[in-house]
Amino acid sequence: MAKNKKQKVRRPSAETPKGFRDYFGAEVAERSEMLSAITEVYHRYGFDALETSAVETVEALGKFLPDVDRPNAGVFAWQDEDEAWMALRYDLTAPLARVYAQNQQFLPTPYRRYAVGPVWRNEKPGPGRYRQFYQCDADTVGSASPAADAEICAMLCDALEAAGIERGDYLIRINNRKVLNGVMEVVGLLNPDAPDEGEEARGVVLRAIDKLDRLGPDGVRALLGEGRKDESGDYTKGAGLNADQTEIVMGFVEAERETGAATCGRLRELVEASPAGLEGVAELETIAALLDAQGYSGRAKIDPSVVRGLGYYTGPVYEAELTFEIIDEKGQKRQFGSVAGGGRYDDLVMRFTGQHVPGTGVSIGLDRLLAALREKRGKAAEQVGPVLVTVMDKDRLPDYQTMVAELRSAGIRAEMFLGGGNMAKQLKYADKRSSPVAIIEGGNEKDAGIVQLKDLALGARLAAEIETNEQWKAQPAQIEVPRERLVEEVRAMIARAG
RNA sequence: GCCGGCGUAGCUCAGUUGGUUAGAGCGCUUGAUUGUGGAUCAAGAGGCCCCCCGUUCGAGCCGGGGCGCUGGUACCA
């Protein structure tokens, strides 16, 4: 009786793990092209490549210990055999800090390096947000000069243009955390003599400012004061500022003027009471002057609403935003938003060495940038597949493979059919692969010293105009050529199709 | 975390007031065509109807709970 009751095996479901994705041919090529365009710019600016391991010790990554602070928050981590905690890197900056601290004696100071690769974050994925994504970073470690920040901004402009974003389609917005801190002082949220007090409230204020473009001034006001309830019914607690304080912060956020100089002038008024704030304004002026001198003034501007999360930034911060509109899946116009960001962090290496080492750098989110470009220029041109040499006589594989070899050494992408099946099946395969040409050499052709070249691209075009099977069979998209002229004729046919 | 929507074939989805053996399109396999891609036609393979409990003579459908996916929001080094 066990016979007729088929034993059901639970089959594994073939799916990409949640938050991850697979990249197929064209996407892989597209990304690696973009990567090399960007790194070429980084290299030209004098930055050295650095490739570090994907795995770091949790200790080196710092702060985000699993099970301790927040279980399962952020990093993919596991315990090694010796019980040491390991984790996949969540960005490229923390590994840089580790490498710099570790190799300080061998590395030049300032050390300029770029790094590219995937990073992993163990958090809830959203639309367009994955748990593995590619970053492309450049940092200067060991220089406190605003010139280092200005250089990064200029380089970011060049990198975006090399990646295919046209001038005018992006904008670098620059701010300075010192100015923000100056405002905090003025509002009374920061006491320079006790910098640790009120950190939480300042965090709430920073996050509120960061949401200006999405929520608008009124939403930010609500978050600075009592709090805000959004459409989904979720309530976000505010910073609890009073009306006067709120207006001071909003005055800062909206301090942007026609020119950089005017904006700096306005900021100077706002943070007059704070020496740190004034220092920040002076840095912004220096950066603006340096960018101007290099001819970047139209592509970068000072914008007091830039915050860059909270995190470790201590000085200038910058963000690259795309300014063109795209039509999303719902048919609505929207801005694409930020594709890169960075800033100055002065304390990253201190964790390792106890020394104060300033650094500044930028990170480009490659996946977002790729998505933006795809939206902008529409669907990528269809990829052309390899020339297919069909197999007519199973015992003449060497003949077919010789043709393939000839084509390949002439630089033409080609392959012999390796599956099983008749001619119809082989041509279907060629069709699916977008092969431009199929080559047929049966016994008759062999004896006559010729081969058939089938122009698949032309045939596909003709198919659109054809009604009946007879017409289809009669279509002229196939020619006979002498065997010894194979390479030339295939090349010519591909050229006609393109 | 919080709020909402949805779970039926590989994919996109139908499925009547609860009623026999659960359907379609696409995709896949085979054939009409033993040497020619499209279109057409025919046949075939492929289902824990998310899971558990309950109601019922009877549940894909009704009730409760769970899980998963998804949209928004929060967090994001």
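In what follows, every chain begins at residue 1, and chains take the letters A, B, ... in the order their sequences are listed.
Nucleic acid contact class of G227(A) (heavy atoms, under 4.0 Å, all strands): none. Residue contacts for E445(A): at a heavy-atom cut-off of 4.0 Å it reaches a base atom on one of the strands shown. D455(A) comes within contact range of at least one nucleobase, with a heavy-atom separation under 4.0 Å. Within the nucleic acid shown, R214(A) comes within 4.0 Å of sugar-phosphate atoms alone, with no base atom in reach, counting heavy atoms only. The residue N422(A) sits apart from the nucleic acid: no heavy atom pair falls under 4.0 Å. Across all strands, K237(A) comes closer than 4.0 Å to no nucleic acid atom at all (heavy-atom distances).
Atoms CZ (R131(A)) and C1' (C69(B)) sit 13 Å apart, rounded to a whole Å. Here the P atom of nucleotide G37(B) and the OH atom of Y429(A) are 17 Å apart, to the nearest Å. Spacing between atom CZ of F417(A) and atom P of G37(B) amounts to 14 Å, rounded to whole angstrom units. Whole-Å rounding puts the M392(A) CE to U34(B) P distance at 13 Å. Rounding to whole angstrom units, CZ of residue R121(A) and P of A77(B) are separated by 7 Å. Whole-Å rounding puts the L223(A) CG to U73(B) C1' distance at 12 Å. Rounded to an integer number of Å, the gap from D210(A) CG to U73(B) P is 14 Å. In this structure, CG of L453(A) is placed 16 Å from C1' of G35(B), rounded to the nearest angstrom.
A donor-acceptor contact shorter than 3.5 Å links the side chain of S435(A) to the backbone of P386(A). A donor-acceptor pair is defined here as one N or O able to donate and one able to accept, closer than 3.5 Å; such a pair exists between the side chain of Y42(A) and the backbone of C136(A). Between the D455(A) side chain and the A477(A) main chain, no donor and acceptor come within less than 3.5 Å of each other.
Between K428(A) and U36(B) there is no side-chain polar atom (N or O) within less than 4.0 angstrom of OP1 or OP2. Close to G71(B), at under 4.0 Å from its OP1 or OP2, lies no side-chain N or O of K124(A).
Each of G443(A) and G126(A) lies near RNA chain B, and the nucleotide nearest G443(A) is the one positioned closer to the 5' end. Two residues, K18(A) and I440(A), neighbour RNA chain B, and the one matched to the more 5' nucleotide by heavy-atom proximity is I440(A).
Rounding to the nearest 0.5 Å gives a distance of 11.5 Å between CD1 of I439(A) and OH of Y400(A).
For the P atoms, the distance from U16(B) to G60(B) is 12 Å, rounded to whole Å. The same atom, P, is picked in C26(B) and in C69(B); the two are 31 Å apart, to the nearest Å. Between the P atoms of G66(B) and A77(B), the separation comes to 33 Å (whole Å). Straight-line distance between the P atoms of G10(B) and C67(B): roughly 25 Å, to the nearest whole Å. When the P atom is used for both U17(B) and C11(B), the distance is 29 Å, rounded to whole Å. Taking atom C1' on both U21(B) and U29(B), the two are 24 Å apart, rounded to the nearest angstrom. Comparing the P positions of G18(B) and C61(B) gives an interatomic distance of 11 Å, to the nearest angstrom. With P as the reference atom, A59(B) and G19(B) are 11 Å apart, rounded to whole Å.
One finds a salt bridge joining R433(A) and E415(A) here, because a Lys/Arg side-chain nitrogen approaches an Asp/Glu carboxylate oxygen to under 4.0 Å. A salt bridge links R173(A) with E319(A): at least one charged nitrogen is closer than 4.0 Å to a carboxylate oxygen.
Closest contact between the side chain of K432(A) and the listed nucleotides G37(B), G72(B), C28(B) involves C28(B). Side-chain atoms of K454(A) lie closest to U36(B) of the nucleotides A77(B), U30(B), U36(B). Listed candidates were G35(B), G37(B), U30(B). Nearest to the side chain of A424(A) is G37(B). Across G35(B), C75(B), G37(B), the shortest atom-to-atom separation from the side chain of A460(A) is found for G37(B). Candidate nucleotides G38(B), U36(B), A77(B) were compared by shortest atom distance to the side chain of Y312(A), and A77(B) ranks first.
Between the side chain of Q426(A) and the base of U36(B), no donor-acceptor pair under 3.5 Å is found. If you check distances only, the side chain of R129(A) does reach the base of C76(B) with a donor-acceptor pair under 3.5 Å.
Using the six-membered ring where Trp is involved, Y100(A) and Y111(A) have ring planes that are parallel, under 30° apart on the 30 and 60° scheme.
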Before you tell me yes or no, could you show the steps for Y114(A) and F47(A) under ring pair (Phe, Tyr, Trp, His ring centres under 6.0 Å), namely the whole-Å CA-CA distance, both residues' side-chain angles and the distance that decides it to 0.1 Å? CA-CA 6 Å; Y114(A) 68 84; F47(A) 286 67; 7.8 Å; no

Counting only pairs under 3.5 Å, give me each side-chain donor-acceptor contact of residues 213-221 of chain A, with atom names and distances, residues two or more places apart or in other chains.
unit_1, atom_1, unit_2, atom_2, d
R221(A), NE, E247(A), OE2, 3.0
R221(A), NH2, E247(A), OE1, 3.3

Under the 3.5 Å Watson-Crick or G-U criterion, the dot-bracket string of RNA chain B, with | for inter-strand pairs: (((((((..((((.....[...)))).(((((.......))))).....(((((..]....))))))))))))....

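Annotation: salt bridge (Lys or Arg N to Asp or Glu O under 4.0 Å) contacts involving residues 436-447 of chain A, sequence neighbours excluded, comprise R396(A)-E441(A), D399(A)-K446(A).
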